[in-house]
There are 2 protein chains.
Amino acid sequence: MAIKYSILGLLHYKDMHGYRIKEHLERNFGHMWSINYGQIYPNLKILCDDGWIRMMDFSQNGEKGPPRKLYSITEKGREEFLRWLSASPERAMILRDPFLMRFVFFGFGDRDNALALIDAQIDIYEKQIVRRKDNQRRWDELGMYVQLVADLGITFNELFLDWLKKARARIAEETHKKRKAS
Amino acid sequence: MAIKYSILGLLHYKDMHGYRIKEHLERNFGHMWSINYGQIYPNLKILCDDGWIRMMDFSQNGEKGPPRKLYSITEKGREEFLRWLSASPERAMILRDPFLMRFVFFGFGDRDNALALIDAQIDIYEKQIVRRKDNQRRWDELGMYVQLVADLGITFNELFLDWLKKARARIAEETHKKRKAS
DNA sequence: TTTTAATATATAAAACCTATATATAAAAAG
DNA sequence: CTTTTTATATATAGGTTTTATATATTAAAA
């Protein structure tokens, strides 16, 4: 459902082939959405069957590498997209994190191991923030809305990193207390 | 995969039946995870088949209402759980939001409609924050780790709400500029 | 010339989400 | 007292998303 519309949305920018759709989305919206090839290609086919997009060409299109299928949005596709864009979201935000799922149960495991996993997360998010800030200029070019969401992504990253560090300190402090007591 | 371990984690607290597992999770970890009955019951069966949990009793268990299947974690279940708890997360955080997916494409639609959808979101999150703060005391009782994650959930809500308001103001301001120019 | 890497398309299986249904007991309504 | 509604509890099925895997073409490196 949502995948179809994100493809339509991207094709508003310009005609693209499947691989480029994923690339574009990862680069520009990767902080809040991603699509996998496993969804892109079946959905491109469905969108074609439904007349929402059209395959314009199958060639290199003036670029290096193998031939690519260039897709373009149709007028019908634009109409359907607009309908979706105006509708209320069909469900609430979902957040999934195997790390956080472990975190709530860290009380049942080994504290040093918990601290190690937290350190690994801190490392991951620090690197991610640097990467995302490097992309800042590109997002400005895509317009106000994209920029605002990008800002949200970075702010959330920073919040999460801050929380990780605070949590780490808190856990270490509790450990210290316990060792002192015994 | 993750569902199995969250059930095992919950059964560390005490023996529970399926419905209570969902209830417990919604109430205490609902800000970062949810399981649906569609997953709970098949997984309870699998966990039993694998010997990770055991069904202890099928009765009312001293409470009102229909009979319930009370599950208990086995020693094998504890070992498997500990293994999972110690392992690095199998994937990164995923955040999905049908509203945000629309948001990045609001530039292709009607601005007033965008503002209306944003207002609806602000309303939803304001109510959610109140609800979650009401649950604060319960989270304290479940231990430090649960409390830390609950804090993260609330902080993220507040961040998101703040962002929504800022985004709204920015969009309205752009609208004002455009109308002034024409 | 051959091998490796990058780009591009694609399918299948597993995991998760949504929808729907049924059963039992208790409370409310008639 | 009987029937209907509500709350609690278990369960299955279908749809969507994620992960795993594969193949093909072109270009660059060995």
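A, B, ... follow the sequence lines: proteins, then strands. Residue 1 opens every chain. Predicted, not measured: the structure shown is a model, and the values here were computed from it.
Not one side-chain nitrogen or oxygen of A/R68 sits closer than 4.0 Å to the OP1 or OP2 atom of C/dT7. Taking side-chain N and O atoms only, B/K69 has a distance below 4.0 Å to OP1 or OP2 of D/dA11.
Taking atom CZ of residue A/F58 and atom C1' of nucleotide C/dT7, one finds them 12 Å apart after rounding to whole Å. If you measure from atom CG of A/L95 to atom P of D/dT17, you get 17 Å, rounded to the nearest angstrom. Here the C1' atom of nucleotide D/dT17 and the OH atom of A/Y41 are 17 Å apart, to the nearest Å. Atoms NZ (A/K22) and P (D/dT17) sit 15 Å apart, rounded to a whole Å. The separation between B/Y5 atom OH and C/dC16 atom C1' is 16 Å, rounded to whole Å. Between B/M16 atom CE and D/dT10 atom C1' the separation is 17 Å, expressed in whole Å. Straight-line distance from the CD1 atom of A/I40 to the C1' atom of C/dA10: 12 Å, rounded to whole Å. Between B/N61 atom CG and D/dT10 atom C1' there is a gap of 15 Å when expressed in whole angstrom units.
Taking the side chain to side chain donor-acceptor pair (under 3.5 Å) definition, one finds that B/Q60 meets it with nothing, sequence neighbours left out.
Although no hydrogens or angles enter the test, the distance criterion places no donor-acceptor pair under 3.5 Å between the side chain of B/N36 and the main chain of B/G38.
For the pair B/E80 and B/Y5, the tightest heavy-atom approach, listed with the atom from each and the gap, is O-CE2, 3.8 Å.
In this structure, A/Y13 has its ring center closer than 6.0 angstrom to the ring center of B/F108. No close placement of the B/F105 and A/H12 rings is indicated, their centers lying 6.0 Å or farther apart.
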**Asked** What string of B, S and - do you get for nucleotides 18-30 of chain D 5' to 3' if you count protein non-hydrogen atoms under 4.0 Å?
**Response** BB-----BSSS--
**Request:** Carefully, step by step, assess B/R102 and A/E90 under the rule salt bridge (Lys or Arg N to Asp or Glu O under 4.0 Å).
**Result:** CA-CA 11 Å; B/R102 282 167 171 80; A/E90 63 274 7; 3.4 Å; yes
